[in-house]
Every structure is written in structure tokens, then in C-alpha cells.
Amino acid sequence: MECVFGLVGNGFAIVVADTSAVHSILVHKSNEDKIMVLDSHKLIAASGEPGDRVQFTEYIQKNVALYQFRNGIPLTTAAAANFTRGELATALRKNPYFVNVLLAGYDKETGPSLYYIDYIATMHKVDKGAFGYGSYFSLSMMDRHYHSGMSVEEAIDLVDKCIMEIRSRLVVAPPNFVIKIVDKDGARQYAWRESVKDAPVPSA
Amino acid sequence: MSRRYDSRTTIFSPEGRLYQVEYAMEAIGNAGSAIGILSKDGVVLVGEKKVTSKLLQTSSSTEKMYKIDDHVACAVAGIMSDANILINTARVQAQRYTYAYQEPMPVEQLVQSLCDTKQGYTQFGGLRPFGVSFLFAGWEKNFGFQLYMSDPSGNYGGWKAGAIGANNQAAQSILKQDYKDDITREEAVQLALKVLSKTMDSTSLTSEKIELAEVFLSPSGKVKYEVCSPEALNKLLVKFGVTQPATDTA
């Protein structure tokens with residue numbers, strides 16, 4: 001039921017993830033941030049087994065940071081993606097991580113890029129990608145409306161179309177989404193799309 | 001007095017020295033010299049061949065120069081059998097990096113990784129250090145052309161020009177005088193051959209006694225490592241007028 005999708009635009013990459021933390025029939029919280037900032041210019045949006053998701057993305061994040069401390073230069077997005085894929089591949093036949101990942105980054109020399117890495121260590125460099133049941137809807141929407149070199153406004157419009165489609169067509173659709181963007185100025189949160197806010201706590 | 005502290009590599013002497021490491025460097029001081037020079041458009045490595053015999057099959061292999069990866073090569077001075085182990089280690093480390101990151105290993109990281117291995121032999125295990133010094137030459141997109149020198153202690157440094165092996169101090173001082181920051185690759189070749197001719201103690205300089213290799217970028221932007229053929233090397237020696245050794249050494 002977790003929805004994660006992303007696309008590459010003109011000098012930027014956007015990733016979107018739903019924000020519900022679900023356990024069986026219970027929604028623990030509806031503002032869980034599933035898009036981690038890997039370093040100054042990389043984002044990793046993850047979906048899958050909740051414990052694995054946090055464990056794996058934090059592991060990747062710390063290794064990316066360690067590389068930068070040791071060597072004085074950051075990893076390129078491609079190198080980080082290949083490293084991530086390698087870790088999933090190594091663990092696969094012993095103790096697999098059930099985590100699907102969309103890794104978005106911006107490199108000065110090569111611009112924005114998006115990598116689709118699934119839990120059995122498949123990796124593809126893509127312009128648009130999605131995981132989960134929501135992908136049936138978001139991929140179709142992106143296939144229809146995506147073109148290369150979209151502006152931020154056009155991309156956000158497409159993202160909103162995808163979110164609308166997921167909300168209306170997926171039976172147990174997550175109500176809230178977070179959108180994050182990475183471009184030459186770095187990786188940062190762009191916006192939330194909330195249709196259900198937590199009830200305010202009555203004050204004494 | 002120092003004899004008490006020689007037998008184990010992994011202990012300090014009372015003066016704070018590691019004798020085995022120093023003895024390893026002594027061994028290298030008797031080996032054939034190698035010189036490396038960094039230029040704007042490439043790195044030049046030259047080496048003095050100690051094993052010269054008409055019977056030696058020289059067609060395919062080199063004695064002093066080795067390719068570590070597509071973008072890194074090295075010149076060695078010291079015990080050749082030790083060098084082979086380390087060269088293989090360096091090759092594996094480079095491939096291991098590319099296996100994980102799908103990118104060529106940055107040159108300094110490769111040198112650092114190999115030096116970490118060498119350092120291990122000065123601190124634990126009870127094994128003697130490697131009797132080899134290296135000159136690493138390479139290119140990568142972060143820092144362009146680079147030249148590194150490393151020794152048995154596991155120390156390394158980035159250099160504009162360096163010499164290892166026999167007479168390396170004499171070679172280093174000539175390099176200090178004659179090196180210019182904006183030297184071109186061709187000028188670097190000339191300087192390297194000139195310095196080698198001054199520090200080698202042999203009667204004449206021919207392509208049988210030296211090796212020359214260059215790391216540079218092809219017009220398409222790919223890194224190339226080329227060992228000079230004996231014919232081309234002879235022509236260069238004649239062109240630069242170094243076929244006869246210099247009468248004085250600096």
C-alpha cells in the first residue's frame with residue numbers, strides 16, 4: 001500500500017512518498033517521512049518492511065557520509081546507487097532487505113538523475129519510476145503526461161495528478177504525501193499534500 | 001646496540017625507529033632507480049633496468065612499469081618478488097572499488113589503500129615489511145593527473161616529481177632545480193631521461209637499459225598508458241642527446 005514515485009525534470013529530480021506508517025489494520029501515524037536526505041545533493045525514497053527501510057537507508061546514509069569524510073569528495077549519484085544496489089545484492093541470498101528504493105541526485109557534471117532499485121537488487125537508471133500498488137496509477141499518469149525537460153511547475157502539476165489518481169482509485173489510499181526535490185542548490189523538502197491532518201490535542 | 005631491536009619488525013628501538021622498515025629502504029637504495037614527473041598533460045615514468053642480458057625475453061613484459069587499472073600505472077624499485085605481490089593487491093583493490101561503485105577508483109584512494117596494507121606489516125603479524133617503493137601515476141576526473149610516491153613504511157605523498165631506488169637523492173635534487181610547474185609532457189620526458197642519464201652509473205644509455213612509460217589522455221578523453229617501444233626510445237635518446245652519460249653527477 002506504500003506509494004513511492006519520482007521523475008527527472010529540467011535540472012532537478014523530484015521524489016514523492018506517502019506518509020502513512022501502517023501495521024495491519026492500524027495506522028500508527030500519517031506523517032512518517034520516508035524520503036531520507038542522503039547527502040547535500042541526494043535523496044533516497046524507500047518503501048517496504050518498516051524496520052528494514054529505516055535500517056537500510058540509515059546504513060547507506062552513514063556509509064555515504066563516511067566516504068566523504070575519508071576521501072574529501074562526495075560520491076556521485078551513480079556511485080551511490082551502485083553501492084546501494086551492491087549492499088542489497090550481497091544481503092540477498094543470506095538475509096535480504098525488503099526495501100525498494102528510488103535514489104535521486106544531482107551532480108554538477110551530469111545533472112539530475114533517478115535510479116530505481118528494488119529489493120532484489122535490480123537497478124535501472126530511469127526518467128520516471130514508481131513502487132507499490134500506487135505505481136499502477138502513477139506510472140500510467142506519468143507515461144501519459146511526462147516529457148523530458150519539464151519545469152518544476154509542470155512536474156509538480158504531474159505529481160498532483162498522480163496523487164489525485166492514487167487517492168481516488170486505490171482502495172486503501174494513503175491520505176498524505178511528502179514531496180522532495182533535488183537540484184543544483186541541494187536536496188530539500190518541497191511540499192506536503194495532506195488530506196487528513198492529525199486531530200489537534202485539546203490543551204489543558 | 002641496535003641489534004637487539006632488529007629481529008622483530010613490530011617493535012620500536014629506544015630511539016623511536018623501526019629498524020626493519022629502514023633496512024627495507026636500504027635494500028631499495030641498491031635497486032634500479034625510477035623517476036616520475038608530473039606535467040600539465042600527462043605523467044612520465046622512467047626506470048633503470050638492472051637485469052640486462054641478451055638472453056632475456058623482453059618482448060611482452062616490463063621490468064619496472066606495471067599497469068594497475070586503466071587509469072593508473074606504477075613504477076617499482078626494490079625486491080621484484082615483493083613488488084609483484086603488492087601490484088596484484090593494488091589491482092584487486094582497484095577492481096573491488098569499481099565492482100562496488102562502477103567508477104574508476106580515485107588515484108589517491110588506491111595509493112592510500114595499498115599503503116594501509118604496507119603499514120600493517122610494520123605493526124602486526126611478525127612479518128617483514130615489503131622491500132619496494134612505488135611511483136604511482138594516474139588520472140581521474142576529480143584531480144586530473146597525479147603522481148604519488150610510497151615506501152615500505154606505508155607513508156605516501158603527492159609529488160610533482162620524484163625519484164626512488166639507487167641515487168634517488170641525487171636525482172631528486174636535480175629535479176628540484178630543473179622542474180617547472182608548467183612543464184609539458186614532452187619536456188618531462190626529456191627531463192626524466194636527462195636526470196636518469198646523470199644518476200645512472202653505466203657506460204652508455206640505450207633502450208635496453210631503461211624503460212619509459214607515459215600516462216596521458218587521448219584526444220577522445222580516455223586515459224592511456226603507453227610503454228615506449230625500444231625503437232622509439234632509442235630515437236628519443238638520440239634526439240635529446242643523452243646516449244652518452246654525463247661526465248659529472250649533480
Side-chain angles (χ1 to χ4, degrees), chain A residues 38-42 44 56-57 59-94 97 101-118 120-126, chain B residues 38 68-72 74 89-120 123 134 136-150 154-160 217-223:
Chain A
L38 211 56
D39 75 9
S40 64
H41 287 73
K42 291 179 192 51
I44 190 162
F56 183 71
T57 53
Y59 174 69
I60 298 300
Q61 186 190 54
K62 297 327 174 203
N63 270 283
V64 168
L66 181 61
Y67 183 98
Q68 182 148 8
F69 281 121
R70 273 190 180 143
N71 303 308
I73 48 171
L75 279 169
T76 59
T77 308
N82 275 293
F83 171 72
T84 305
R85 192 210 79 82
E87 291 302 304
L88 286 166
T90 308
L92 181 62
R93 301 217 181 251
K94 286 196 163 82
Y97 293 104
V101 150
L102 276 179
L103 202 158
Y106 184 91
D107 304 298
K108 228 167 42 153
E109 306 85 18
T110 50
S113 51
L114 183 65
Y115 289 87
Y116 169 107
I117 308 172
D118 76 11
I120 43 176
T122 310
M123 188 174 81
H124 296 297
K125 184 176 185 302
V126 292
Chain B
L38 180 68
I68 306 292
D69 196 353
D70 287 332
H71 64 299
V72 182
C74 69
T89 306
R91 286 173 173 159
V92 171
Q93 284 162 352
Q95 291 309 309
R96 196 175 286 141
Y97 184 97
T98 305
Y99 180 63
Y101 297 105
Q102 298 299 316
E103 278 181 357
M105 188 171 192
V107 187
E108 183 169 353
Q109 285 182 44
L110 177 61
V111 175
Q112 190 159 7
S113 173
L114 193 68
C115 286
D116 285 347
T117 306
K118 289 204 262 186
Q119 187 275 345
Q123 196 171 21
F134 284 100
F136 286 98
W139 181 94
E140 113 261 315
K141 63 175 166 55
N142 298 305
F143 298 109
F145 289 107
Q146 296 151 71
L147 176 68
Y148 294 93
M149 214 157 57
S150 79
N155 272 328
Y156 73 92
W159 292 81
K160 298 177 186 176
L217 290 182
S218 73
S220 60
K222 278 187 66 162
V223 189

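Below, chains carry the letters A, B, ... as their sequence lines are ordered, and counting in each starts from 1.
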(message) With rounding to the nearest 0.5 angstrom, report the CD to CZ distance, B:Gln112 to A:Arg70.
(response)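 Answer rounded to 0.5 Å: 9.0 Å.
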
(request) Indicate the ring-plane relationship of B:Tyr97 and A:Tyr67, choosing parallel, tilted or perpendicular according to the 30° and 60° boundaries. (result) tilted

(request) Flag the pair A:Ile73 / B:Glu108 as yes when at least one side-chain heavy-atom distance between them is below 4.5 Å, and no otherwise. (result)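 A side-chain contact under 4.5 Å is absent here.
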
